[in-house]
> 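Here's a structure for you.
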Amino acid sequence: MSVIDVCGTSRADCGPGHEPRGNLRDCWLTFSPEGDRSLDGFVGRGRRPDGPFWIEADGRVAMRPGGFGHLNQYRCQVEIVRVHAFEEGPLVNP
């Protein structure tokens, strides 16, 4: 887990052909210590899935040109502070 697209409030707002909310595409993803513990409850302690997933969470967004993540190449960063739902696998709109 390192990059995230921020969608609207439902899966219908995400996926191919949909623009991320506020144009928040390819943001660097981080978790606060509380967010890490919260995610552990869904995926297991210390496990961090790779690939597509759906996550419902509370967090913060920071933006600036070229200031986040690997080599500062991401213009936005999402910090998750609490996970409410998590599901691995391809995004399938209902």
> Enter the distance from Ile80:CD1 to Asp36:CG here, rounded to the nearest 0.5 Å.
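Separation between the atoms: 10.5 Å.
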
> Calculate, to the nearest 0.5 Å, the distance between atoms CZ and CZ belonging to Arg47 and Phe42 respectively.
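It comes to 13.5 Å.
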
> Identify the two heavy atoms, one from Leu29 and one from Phe53, that lie closest to each other, and give their separation to 0.1 Å.
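Result for this residue pair: CD2-CZ, 4.2 Å.
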
> Roughly how far apart are Asp58 CG and Glu34 CD, rounded to 0.5 Å?
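Spacing of CG (Asp58) from CD (Glu34) equals 9.0 Å.
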
> How far apart are the closest heavy atoms of Gln77 and Phe68, and which atoms are they?
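Answer, listing the atom of Gln77 first, then Phe68: OE1-CD2, 3.3 Å.
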
> Give, for atom SG of Cys27 and atom CD of Glu79, the distance between the pair rounded to the nearest 0.5 Å.
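One finds 13.0 Å between SG of Cys27 and CD of Glu79.
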
> Checking Arg45 now: which residues fulfil side-chain contact (heavy atoms from CB on, under 4.5 Å) with it, not counting sequence neighbours?
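Scan of Arg45 (side-chain contact (heavy atoms from CB on, under 4.5 Å), adjacent residues dropped) gives Asp40.
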
> Rounded to the nearest 0.5 Å, how far apart are CZ of Arg37 and CZ of Arg82?
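CZ of Arg82 is found 11.0 Å from CZ of Arg37.
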
> Going through the distances and angles, do Val81 and Arg60 end up as a side chain to side chain contact (heavy atoms under 4.5 Å, CB included)?
CA-CA 8 Å; Val81 296; Arg60 296 183 277 270; 3.6 Å; yes

> Would a 4.5 Å heavy-atom cut-off, applied to side chains only, mark Trp28 and His70 as touching?
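Result yes, sub-4.5 Å side-chain heavy-atom pair found.
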
> Write down the atom of Ala57, the atom of Val83, and the distance for their closest heavy-atom approach.
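Heavy atoms of Ala57 and Val83 come nearest at CB-CA, 4.0 Å.
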
